[in-house]
Amino acid sequence: MTSPVSIDIQDNIAVITMDKPPVNGLGQALRSGLQEAYQQANNNDAVNAIVIASAGKLFCGGADITEFGSKAAGAEPSLPNLLNTLEESPKPIVAAINGMALGGGFELALACDFRIALPSAKVGLPEVHLGILPGAGGTQRLPRFAGVKFALEMITSGKPAAAKKALQAGAIDRLHEDDSNFLDAAIQYAKELVENNTAPRSCAAMDVDTSDVDAEYFETFRKSIARRNRGLIAAEHCIQAVEAACELPLHEGMKKERELFTVLVNSPQSRAQRHLFFAERAATKIPGVDPKTPLRTINKVAIIGSGTMGGGIAMNFLNAGIETIILDLNAEALERGVGVIRKNYDISAKKGRMSEADVEARMGLLNQTTQYDDIADVDLVIEAVFENMDIKKAVFKTLDEVCKPGAILASNTSTLDVDEIAAATKRPEDVIGLHFFSPANVMRLLEIVRGAKTADDVLMTTLKTAQKIAKVPVVVGVCFGFVGNRMLEPYGREASRLLLEGATPAQIDRVLTTFGMAMGFCSMIDLAGVDVGYLTRQGNLDNISHDPSYGALGDKLYELERFGQKTGRGHYIYEGRDQKEDPEIVELTQQIATDLGIERREISDQEILERTIYSMINEGAQILDEGIASRSSDCDLVYTNGYGFPIGRGGPMQFADETGLDHILERLKYYQENLGQHGQFWFKPAPLLEKLVAEKQKFSQYVPQQH
Ligand code: NAD
């Protein structure tokens, strides 16, 4: 096997080149290659200085993710040891950062004595997103070169910095503008170091400059990021590591870094975050569909309906620089919708998130019309009209008549049968569901609903397009509610029922937010609209009408026109943004419970958590069994990206795997036995859950049958 590292000596400078596509992942082969090349250069008396460069477009993307969890990941030379060896080099080493240097890749550059970069390069330490910290000296070396403020921000946010910013902070020493002779410039830099007798710059001999941070700085910083972290522990460990860098010599600081790293890497949170990282990658692989399927070209998009969803969906495409035309039959609604888009962009510009020129560039890509003939040439249509089957069918019949052959026809329906919509056209193979979440320009989740006749290239093209507009796509099958809303249904059913049995909205919301949900169920319904929940139930009467307690409080609130935040009253009372408990809810729930013969009692927090979350998991098992989702991690992506499920739990199915499926099953059976008729009907364990428990398997190990 040829080494992914080569060495070439030019004018007494050793150029060590990494060549391991696609990203120079620091797997064992690259690490040993670097170690050997370095030793060769160090032992060669003709070599005065060393340049470490990349043969690819990136400098180095960091750890080799395919090695995660394997023996190779820890095999010698380990990354920390390799970097310590480079750090101690008696000959100066220059890192030639020609593109992204991320994670271990940036740590590698930091272990070199000097760094030269192209202005287009970026450097970053994104480990916090995987629930860990940079564990190869990054937390100790970066503050020594770039100061506490820059290091803390970069390490706790995981966001990369442009080379220019890194240069200003001191994380990079020199920029070279011309990418045609970048390597020559790096070699020239090394020669200058030799000519000037510049000593190698060992981090071990440097202290962190703390002159710009006062005694309170770390505490204030902690508080400032607490909200964005929502209970994730990695950022706090990153802060402690940087504190150690300020207080300890390099090698002791590195020991502390290792200790903190070890705690994190073995934590359920990091397991959950790594699970989600791999989940995103897995979600674009569709069983039975060739990943090399030729794609259709998407240059121009039409959105039908300029309401809440249509406008938000259009913004995604405008942001990605794709020409978009928005159609609404109602001219007033069209003006209003386009006005909202402009207003949203103007607000972003005012907040400094984009320039006026960006706003105009985006608006320049937007056209509007009330005529279907104007969208004849688009490559993709996304329908977002009223949620009504007859209207949707009429729209698709028209689209079939006017759109060019090969155009992809998509519906944003939340609940309707995509196959029935497709049947309104003569080209059902071109029809697909694209279920965006509200606000559609913000929420990352996109459920791609694959119809029975959807063509593979339509599926793969929409997946690619979703990534282009920065969404997290998850392919799901046709059923009421798809994955997200279908799993939400039992969760909401139990929350509503618990209110009748004696819990209060505040108790339910507290239990769920303590668990980590972004919002409690009752607050969520008040935000989304009690009326929306009511209408959804009306569309699902076949499955629920036998149970008079089902959504009974929601129905009552609907009757009282207490629609939630928009009417100032729902499960709570609203004054502006302030939410207050409403004593009338207790009276209402008492009344309904008496009418339905439901016994009221004290409800424990544990019961709330188990009945809501475990029911959701049980439905997830059923969804997997039916092949509506291709893998359990797809359900997790839906929940963490679309429903505020805590990232640190990894999604409901990962949470179940971590908790133990046997425990989940046992508790479901307990409620089945102990909640009377309600339990008997709604707490039947999913057969797949029973099967996996019997086989001592996890959800993550289950591969659904192809349907
Ligand atoms: P909306 O009422 O805000 O907007 C619908 C728009 O469609 C209106 O402007 C209306 O004039 C227009 N329209 C109606 N019939 C039309 C036709 N035949 N041709 C062209 N335009 C027509 O609705 P919304 O909330 O944006 O929902 C749109 C779709 O998105 C629905 O299918 C809904 O289920 C789905 N959805 C909504 C949400 C949400 O939170 N609002 C979330 C996900 C999906």
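Just so you know, ligand 1 is whichever comes first in the structure, and atom 1 is the first atom listed for that ligand. What you see below is based on every heavy atom in this structure, not just the backbone, and it leaves out hydrogens, waters and symmetry mates.
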Val395, portion touching ligand 1 at heavy-atom distance under 4.0 Å: side chain
Contact partition for Ala333 relative to ligand 1, non-hydrogen atoms under 4.0 Å: side chain
Lys392 heavy atom under 4.0 Å from ligand 1: yes
Ligand 1 contact by His435, heavy-atom criterion under 4.0 angstrom: yes
Under 3.5 Å between some N or O of ligand 1 and some N or O of [X]?
X      : answer
Tyr372 : yes
Thr413 : no
Thr308 : yes
Glu387 : yes

Lys556 to Tyr558 six-membered ring, cation-pi geometry met (6.0 Å, 45°): no
Lys/Arg cation over aromatic Phe277: Arg281, 6.0 Å, 45° cone: yes
Protein contact to atom 44 (C) of ligand 1 [nearest heavy atom, distance to 0.1 Å]: Ser414 OG, 3.0 Å
Atom 37 (C) of ligand 1: the protein heavy-atom neighbour that sits closest, reported with distance to 0.1 Å: Met309 CG, 3.3 Å
Candidate with minimal heavy-atom separation from atom 2 (O) of ligand 1, of Phe437, Phe386, Phe436: Phe386
Proximity winner for atom 5 (C) of ligand 1, if only heavy atoms of Ser438, Ala384, Ala440 are counted: Ala384
Parallel, tilted or perpendicular: rings of Tyr572 and Tyr574 (30°, 60°): perpendicular
Asp526 bridged to Arg569 by N-O distance under 4.0 Å: no
Arg497 and Ser549: side chain donor to acceptor below 3.5 Å: yes
Side chains of Met524 and Met517 in contact at under 4.5 Å (non-hydrogen atoms): no
